[in-house]
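Right, one structure below, let's go through it.
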Amino acid sequence: MPRVQLIDVEGNNLGAVSIQEALAAAEAAGLDLVEISPNSEPPVCKITDLGKLKYASQKKAAEARKRQKVIEIKEIKMRPNTDTHDYETKMKAVRFFDEGDKVKLTLRFFAAARWRIWSSA
């Protein structure tokens, strides 16, 4: 006969009991029998209100989502002939680091053949 480790409403360990006894105890208390740890031997079940348990887990998950920080990647594009003032302006990206964002710096180089002036002499 399968057995489970039973925890009552107050959190007291009632030991290993049969599933029928656990269900009867939960029904007598007017609550639900919830499997807490299915992988242990024997599985651990607790007598609790399933609606309250779900509500508490949803509130905990919502609080965790509210506190998480979304990391954005800010991109700065520069060329080798960028003017000094433009360079200084773009280097104000330090504030991105202070805000916890990541910064991607892109240096754009062009091939010399692209800028070659052709003459027909």
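Every value quoted in this text rests on a predicted model; they were computed, and no experiment measured them.
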Should Ile19 and Leu14 be counted in the same cluster of Ile, Leu, Val, Met, Phe, Trp and Tyr side chains packed under 4.5 Å apart? yes
List the atom of Arg3, the atom of Pro43, and the distance in Å for their closest heavy-atom pair. O-CD, 3.7 Å
Please name all residues satisfying side-chain contact (heavy atoms from CB on, under 4.5 Å) with Leu50, sequence neighbours left out, ordered by chain then number. Asp32, Val34, Leu53, Lys54
Listed partners of Glu41 passing side-chain contact (heavy atoms from CB on, under 4.5 Å), at least two apart: none
Is Ile7 reachable from Leu23 through a run of hydrophobic residues whose side-chain heavy atoms are each under 4.5 Å from the next? no
What's the shortest heavy-atom distance between Val4 and Ala22, and which atoms? CG2-CB, 4.0 Å
So do the side chains of Thr48 and Leu31 get within less than 4.5 Å of each other, counting heavy atoms only? no
So how far is it from Lys77 NZ to Leu105 CG, rounded to the nearest 0.5 Å? 11.5 Å
Write down the atom of Lys46, the atom of Ile36, and the distance for their closest heavy-atom approach. CB-CG1, 3.7 Å
Looking only at heavy atoms, which two atoms of Cys45 and Glu35 are closest? And how far apart? SG-CA, 4.0 Å
For Arg67, is there an ion pair with Glu63 - N to carboxylate O distance below 4.0 angstrom? yes
Might you confirm whether atom CD1 of Ile73 has over 12 heavy atoms from other residues, nucleotides or ligands at distances under 6.0 Å? no
Return the set of residues passing side-chain contact (heavy atoms from CB on, under 4.5 Å) with Lys60 (not counting sequence neighbours), or none when no residue passes. none
Shared hydrophobic cluster, Ile47 / Val17 (ILVMFWY, side-chain heavy atoms < 4.5 Å): yes
